Amino acid sequence: MSAPPDTPLPVLLVTSNGVGMGHLTRQLTVALSAPDRLDPVLMSLSGALPTVATAVAEGRLPELRGVRTEYCPSRKSGWLPSGGLGRRLREVHPAYGWEPYFADRLHALVAETGARLVLFDGVVPYAGLREARRRLEGTLFVWMRRGMWRPGAGEQWLEHAGLFDLVVEPGDFAAEGDRGATVGRDDAHRVAPISIADAIELQDRATARRALGLDPDRPALLLTPGTGALEDVASPAQVALDVVRRVAPDWQVAVTSPALARHGITGDDLVLLTDTYPLARSLAAFDAAVSAAGYNSVHELLGARIPTVLVPGQSLGTDDQPGRAATLAAAGACLSATPEDPEAVRAAVTAVLETATAERLRTVCAGLPATTGGRETAHLLVDLAAGAAPPAPLAATGWGPPVWRRALPDPRTPVDLVTDEGASGTGRRGRRPLRLTQELPAHRLGDAPLEHLVQGSSPEYRRARAEIARWIYR
């Protein structure tokens with residue numbers, strides 16, 4: 001039975017951790033594009049979520065104010081216990097591992113928010129996600145599955161597509177060069193490319209330059225090297241800087257330095273953009289760019305008609321950055337060079353600083369598809385969620401390992417839970433404190449684990465989360 005037209009429709013937008021901010025930014029774009037009837041709640045495994053929360057708190061992302069968020073550590077976060085007395089137990093008994101923890105977290109948040117639909121943006125449909133889908137029989141599950149996978153990567157994950165009620169594939173400016181495992185499949189509903197620039201108010205050139213601290217009168221180059229998580233990004237960036245200093249000393253250079261990508265590129269003549277999010281709002285400030293070829297960067301920069309040199313990452317998970325860069329360069333929408341070829345980087349950067357080349361690139365970029373996929377997806381979710389039933393209320397017990405496992409002695413050391421109101425544990429020696437809190441640290445998560453609670457959590461949800469935390473963090 002469809003929900004009455006005036007009924008709010010809670011939906012849960014879930015992202016994997018990823019290498020950069022692609023998954024998170026696409027989901028934010030959907031949330032920002034949501035019609036009034038949709039009530040999006042964001043659950044992310046990305047360590048960049050504090051960057052988003054800080055941008056909202058500091059007024060740099062006012063469009064997201066009121067959207068609730070919750071961070072869930074990924075298995076790669078380094079927070080969850082991996083050693084000590086309990087290490088062998090975690091190896092022998094899968095119920096003590098991350099996948100059951102993630103299933104509990106997802107299940108509990110759906111029940112707490114009343115979400116009728118879960119939209120997952122990620123390459124890998126985790127076992128925990130699949131287990132939550134099994135438990136939540138009446139809740140719709142949708143997979144947002146980006147294309148442009150590296151050839152030969154990820155075919156085994158596509159076997160899980162049938163578990164979802166719908167697969168949504170966001171468009172890609174370079175789609176005709178896609179050589180990955182998703183090509184030719186007929187299991188996806190395709191939407192236009194997605195860019196957060198389509199969902200936020202954009203600044204004019206003068207306002208953007210003031211916001212970024214740039215000289216209003218000098219040409220400006222944006223240098224955005226990517227995450228650097230899997231390879232050295234400093235070398236091609238340094239080549240680009242050398243070119244600007246040698247052939248265009250009147251240009252100013254701004255370098256992005258997000259929380260996930262501390263690359264160490266510095267200089268007295270540089271403007272360092274530390275955790276400047278969303279940068280898409282201020283792209284009118286720039287006359288050219290040198291960038292990695294990730295999904296976000298390409299669709300924001302080329303969508304804004306910024307003359308760009310793409311220097312693709314070579315080993316970033318499933319994302320075929322080399323294929324994306326080569327396809328768009330062949331189409332005349334950008335210039336491209338591989339990071340292993342400094343001479344090619346030097347030639348491309350030299351060319352993009354030339355007026356004739358820049359004008360030619362802008363002309364081609366003007367013909368690229370509109371980046372309206374976030375709006376299309378949000379309206380699609382309204383139609384789906386309106387026909388779905390609300391989930392069962394939050395259960396008081398049943399979280400954690402199976403009943404038979406919980407009945408056995410557990411030699412692992414418990415944690416002491418500390419809430420925003422104070423300690424709830426016993427304070428015995430040897431126990432480490434664990435915070436249950438609605439607050440995230442500014443910019444970066446740090447090394448001390450915490451259990452983040454969605455804003456406005458009910459007492460029942462807090463109790464459920466305490467039970468979930470007690471068994472995984474021992």
Side-chain angles (χ1 to χ4, degrees), residues 15 18-33 46 48 51-52 55 60-61 63-64 121 146 148 170-175 191-205 207-209 211-212 214 220-227 254-258 260-261 273 275-313 316 319 321 324-325 327-329 333-336 352 358 361-362 364-375 377:
T15 85
V19 173
M21 294 189 69
H23 303 296
L24 180 57
T25 299
R26 274 193 299 275
Q27 291 285 47
L28 288 175
T29 304
V30 174
L32 291 166
S33 305
S46 172
T51 296
V52 175
R60 289 182 282 109
L61 195 49
E63 297 93 340
L64 198 66
D121 190 313
R146 171 190 51 74
M148 292 297 295
D172 196 304
F173 287 163
V191 298
I194 294 178
S195 171
I196 196 171
D198 185 66
I200 58 177
E201 183 178 352
L202 304 181
Q203 296 168 336
D204 60 29
R205 184 177 178 85
T207 303
R209 290 200 160 195
L212 299 178
L214 294 171
L221 174 81
L222 174 65
L223 182 57
T224 174
T227 66
V255 183
T256 59
S257 182
L260 294 183
L273 304 179
D275 295 329
T276 305
Y277 188 85
L279 185 57
R281 192 189 302 281
S282 306
L283 288 179
F286 298 103
D287 302 280
V290 178
S291 172
Y295 186 95
N296 280 5
S297 298
V298 164
H299 292 89
E300 291 172 15
L301 289 168
L302 302 193
R305 306 181 190 180
I306 306 296
T308 300
V309 176
L310 294 179
V311 184
L316 295 174
D319 194 18
Q321 287 200 16
R324 183 179 289 116
T327 299
L328 291 170
C334 69
L335 303 179
S336 178
V352 84
L361 295 175
R362 288 192 189 96
V364 176
C365 286
L368 292 171
T371 54
T372 56
R375 277 183 278 163
T377 303

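This one's a predicted model, so the numbers in the text were calculated from it and none came from an experiment. Scope of the values below: all heavy atoms of this structure, side chains included, with no hydrogens, waters or symmetry mates.
- Although no hydrogens or angles enter the test, the distance criterion places no donor-acceptor pair under 3.5 Å between the side chain of D121 and the main chain of R26.
- Taking the side chain to side chain contact (heavy atoms under 4.5 Å, CB included) definition, one finds that S336 meets it with P312, A325, A329, sequence neighbours left out.
- Between R146 and D319 there is a side-chain heavy-atom pair separated by less than 4.5 Å.
- Atom CG in L61 sits 7.0 Å away from atom CD1 in I200 (nearest 0.5 Å).
- In this structure, L368 and L302 have side chains that are in contact, with non-hydrogen atoms separated by less than 4.5 Å.
- In this structure, the separation between OG1 on T224 and CG on L279 is 7.0 Å, given to the nearest 0.5 Å.
- Note: L301 CG to T308 OG1 = 4.5 Å, rounded to the nearest 0.5 Å.
- Between the side chains of S195 and D198, not a single donor N or O lies within less than 3.5 Å of an accepting N or O.
- Note that CG of L273 is 9.0 Å distant from OG of S257, once rounded to the nearest 0.5 Å.
- Residue I194 comes nearest to P170 through the heavy atom pair CD1-CB, 3.7 Å, listed as atom of the first residue, atom of the second, then distance.
- Considering only heavy atoms from C-beta on, T29 stays 4.5 Å or farther from T377 through its side chain.
- Under the ring-ring contact (aromatic ring centres under 6.0 Å, His included) criterion, Y277 pairs with no residue, sequence neighbours left out.
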**Request:** Let me see the working for V52 and L28 under side chain to side chain contact (heavy atoms under 4.5 Å, CB included), right down to the final yes or no.
**Result:** CA-CA 9 Å; V52 175; L28 288 175; 3.7 Å; yes
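- Listed by chain and residue number, H299 satisfy the ring-ring contact (aromatic ring centres under 6.0 Å, His included) test with F173 (two or more places apart in sequence, or in another chain).
- Closest non-hydrogen pair, I196 versus P278, comes out as CD1-CB, 4.2 Å.
- Taking all atoms of both residues into account, the shortest heavy-atom contact from P225 to T256 is CD-OG1, 3.7 Å.
- Screening residues 281-291 for salt bridge (charged side-chain N to carboxylate O under 4.0 Å, His left out) gives E63-R281, R205-D287, R209-D287 as the qualifying pairs, with residues at least two apart or on separate chains.
- Pairs of residues two or more places apart, or lying in two chains, never qualify as salt bridge (charged side-chain N to carboxylate O under 4.0 Å, His left out) while including a residue from residues 297-311.
- When all heavy atoms are compared, the tightest approach of L212 to A285 is CD1-CB, 4.1 Å.
- Summarising the geometry, atom CG belonging to N296 is positioned 10.0 Å from atom OG belonging to S291; distances are rounded to the nearest 0.5 Å.
- Nearest approach of A208 to Q203, heavy atoms of both residues: CA-OE1, 3.2 Å.
- Under the rule for a side-chain hydrogen bond (donor to acceptor under 3.5 Å, both in side chains), the partners of D172 that lie at least two apart in sequence or sit in another chain are R324.
- Closest approach of L202 to A197, counting heavy atoms only: CD2-O, 3.7 Å.
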